[in-house]
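For reference, the structure is listed below as structure tokens.
Any value given below was found using the heavy atoms of this structure, including those in side chains, with hydrogens, waters and symmetry copies removed. Throughout, a chain's letter reflects where its sequence line sits, starting with A, and its residues are numbered from 1.
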Number of protein chains: 2
Amino acid sequence: MRDPTLRDVAQLAGVSPRTVSNVVNGYAPVTERTRRKVEQALAQLDYRPNLLARNLARGRSGQIAVVVPYLDTPYFSELLQGIIPRARERGYNVLIDQTDGDAAHERELIRRAARAFPFDGMILSPLGLDQAALSDRDPDLPLVILGERSSDGTFDHVGIDDVSASRDATAHLIGLGRRRIAAIGDQPYATGEAAQLRTRGYRIAHADAGLDVDESLIVRRPRFNRIDGADAMRQLLARPDPPDAAFCYSDLVALGALRAALQAGLRVPEDIALIGYDDIEEGRYSNPTISTISPDKATIAATAVDRLLQRIAAPTPLPGIEVPAGHRLIARESTLGRTSGG
Amino acid sequence: MRDPTLRDVAQLAGVSPRTVSNVVNGYAPVTERTRRKVEQALAQLDYRPNLLARNLARGRSGQIAVVVPYLDTPYFSELLQGIIPRARERGYNVLIDQTDGDAAHERELIRRAARAFPFDGMILSPLGLDQAALSDRDPDLPLVILGERSSDGTFDHVGIDDVSASRDATAHLIGLGRRRIAAIGDQPYATGEAAQLRTRGYRIAHADAGLDVDESLIVRRPRFNRIDGADAMRQLLARPDPPDAAFCYSDLVALGALRAALQAGLRVPEDIALIGYDDIEEGRYSNPTISTISPDKATIAATAVDRLLQRIAAPTPLPGIEVPAGHRLIARESTLGRTSGG
DNA sequence: ATGCCGGTTTGCAGCGCTGCAGAGTGTGAC
DNA sequence: GTCACACTCTGCAGCGCTGCAAACCGGCAT
């Protein structure tokens, strides 16, 4: 059977299709009497608006794109879990795209070069975009950026304060008496603004404590994943003067580093303490559990959606702003040791 | 600026909009001369079809829904990584929905009760659907089920052979000399057909080896996640006669169990060997690494998409079939111990 | 020259909905 | 009793595309 249309409902209710539309959308004023008739007809036919038709007529798609580098990175899937229902509540669907960290793909998307699917706006977590690429984008695309790049005034940026979070993490290690603290995950500014900010926080914490930074303990890594963490740790442990702690720029890096440290026969945290970043569930179940910076993911997800929908709804482009989200430090076994009996 | 339409291209090329449409879609025969003219105009205007309009006219949405219980379960996000590009290649977008394992929500979706978003077919990984719920669904909805439920002839089911995979896993433990092997993750048939199949494989492996099954070592758990694994393991270790191995019905369960075992001061695998199921990346980085059953996820993802698109394209409903996918056992440290020096 | 044929191209209508502006209706003021 | 006005409701056109079937065209047989 064909789905019932506005016309079918109108016929049954004895009104015009336009009036049914008004009732469905709550648009124009409608008398109580008419509304009742229409609503009854709607219910009787179990009418559902055809979203394709509605969106075509309205000239929008009703969809937003969420673009992340890797879908199987827990941080992103946890974030998506917050984004999808929020957008759905507000009448938008979410299309997910994964870039594999391919900068060319990211650039294409924000230029709307490949219109493989329709969307009204985008939440993007870039990995390889430099400022030039960001400037070259479609200026009419409502855009919210997560992580990495701070706003240049043409888009919104939602994220935690990487500098102070990183300072907190590093200070935590210093507070435990560690003095040779590695930083794993630094990246050149062009592709990793967030990484740069974290390194800055790391330096500030040292300065705060009156400690010098051993530059050779700052390890660059192309990505924030397990293998990078493991490699970096192996490299650090091969030194004559290995570190006694490491601030890892993601929990995955920390988990990789942990694996490498344990494989090398070290005890964590006794021989080397580790702290990560992101607070993914996995870090709460590893052995030992991973201390971490926990960003307020629920707020980030909700804010990103809300800001994006505001931009989409705005008749003229809104100025791009920085939206801060909170974070807190969660100390677990990888820095504190097995304190509790549990 | 308004995006160029078929009409704009037609005007520029000096042909009718219909002909442009034919060229774009490669439909009707078009002379080389005409094609050339049109293609030039297409390129000049950088024309992209409006998918909303196309789909409305064609009477389809061009989207498929992929419904999983939890997006942040690594197994599903790894699967999605295979599904999304495959669907995109074939001209379909993927809408992701997460049910939180809510059976009512799942039921609603397959009955198409809530048409919050348009889709032409669905790939569903159910968690709480019994056979009755499956039968009550919208019969016109092309459906492919992953895991859990085998086909009743009205939809396709894609999955590995749970029985033989589970037998392999259990046999591996038996082969290592373990004799008190727990099974963690059993579920009542109504909601967990896959769990039942795994338990069956577990029994068969015992029978093959001429061993009796200690029924009290089969532990039921509502879900397949870390906390379930940890709880189950604590419960098992509290017994006077704890097991010396456990076959866990997912890697997450195994990771949870591992955590609990280590917390209790046991050595893995010396005191208790563990094997999981799913081969998620996390299990390759845990300490120790987790032995597991590795399903051929790439094939599952590709096959699910292909079958679904076939069902969507079919003029009359296709008979539902079982599509097997391969699996293999990967033995790692949680059963073998630290064999390699690495 | 006429008719016929197969291959190309086109026009029409419509997918189901909404924006807009106009038509209809009832009420109160004069 | 008449007019103006505010409030409801409706009709039309169109979003951009495709299905369908008719129209067209050149070439060939008669």
Determine which pairs satisfy salt bridge (Lys or Arg N to Asp or Glu O under 4.0 Å) with at least one residue from residues 53-79 of chain A, sequence neighbours left out, and list them in order. A:Glu78-A:Lys297

Provide the full list of ring-ring contact (aromatic ring centres under 6.0 Å, His included) pairs with a residue in residues 59-106 of chain A, sequence neighbours left out, each pair given once. none

Angle separating the five-pair end axes of the helix from C:dA1-D:dT30 to C:dC30-D:dG1, nearest 10°, is 70°

Show which side-chain atoms of residues 39-46 of chain A pair as donor or acceptor with protein atoms under 3.5 Å away, not counting sequence neighbours.
from: A:Asp46; atom 1: OD1; to: A:Arg48; atom 2: NE; distance (Å): 3.4
from: A:Asp46; atom 1: OD1; to: A:Arg48; atom 2: NH2; distance (Å): 2.9

Atom pairs under 3.5 Å, N or O on each side, protein against nucleotides 14-17 of chain C: can you list them with distances?
from: C:dG16; atom 1: N2; to: A:Ala53; atom 2: O; distance (Å): 3.4
from: C:dC17; atom 1: OP1; to: A:Tyr47; atom 2: OH; distance (Å): 2.2
from: C:dC17; atom 1: OP1; to: A:Asn50; atom 2: N; distance (Å): 3.2
from: C:dC17; atom 1: OP2; to: A:Leu6; atom 2: N; distance (Å): 2.5

What is the distance, to the nearest angstrom, from the CG atom on B:Asn22 to the P atom on D:dC20? 13 Å

Is a salt bridge present between B:Asp136 and B:Arg111, judged by a nitrogen-to-oxygen distance below 4.0 Å? yes

For B:Gly14 and A:Pro17, find the nucleotide of DNA chain C closest to each by heavy atoms; which residue's nucleotide sits nearer the 5' end? B:Gly14

Tell me which residues in residues 32-45 of chain A lie within less than 4.0 Å of DNA chain D, going by non-hydrogen atoms. A:Thr34

Apply the test side-chain hydrogen bond (donor to acceptor under 3.5 Å, both in side chains) to residues A:Ser61 and A:Asp120: give CA-CA distance (whole Å), side-chain angles for both, the deciding distance (0.1 Å), then the verdict. CA-CA 6 Å; A:Ser61 71; A:Asp120 300 329; 2.9 Å; yes

Pairs satisfying salt bridge (Lys or Arg N to Asp or Glu O under 4.0 Å), at least one member in residues 6-16 of chain B, at least two apart: B:Arg2-B:Asp8

Under 4.0 Å from OP1 or OP2 of D:dT10: is there any side-chain N or O of A:Thr19 that close? yes

Contacts satisfying salt bridge (Lys or Arg N to Asp or Glu O under 4.0 Å) that involve residues 92-102 of chain B (not counting sequence neighbours) are A:Arg88-B:Asp97

Going by heavy atoms in the side chains, are B:Thr99 and B:Val67 under 4.5 Å from each other? yes

Can you tell me which residue pairs pass the salt bridge (Lys or Arg N to Asp or Glu O under 4.0 Å) test with a partner in residues 150-160 of chain A, sequence neighbours excluded? A:Asp156-A:Arg307, A:Asp156-A:Arg311

N/O-N/O pairs, protein side and nucleotides 4-7 of chain C side, under 3.5 Å:
none

Let's go through A:Thr31 and A:Arg36 carefully: what are the C-alpha distance in whole Å and the side-chain angles of both, what is the deciding distance for side-chain hydrogen bond (donor to acceptor under 3.5 Å, both in side chains) to 0.1 Å, and is it a yes or a no? CA-CA 9 Å; A:Thr31 41; A:Arg36 196 120 37 174; over 6 Å; no

Residue set satisfying ring pair (Phe, Tyr, Trp, His ring centres under 6.0 Å) with B:Phe155, at least two apart, ordered chain then number -> none

Residues 111-152 of chain A vs ring-ring contact (aromatic ring centres under 6.0 Å, His included), sequence neighbours excluded, gives A:Phe117-A:Phe119

Do A:Lys37 and A:Val15 touch side chain to side chain, with heavy atoms closer than 4.5 Å? yes

Proximal nucleotide (of D:dC9, D:dG19, D:dT10) relative to the B:Arg18 side chain: D:dG19

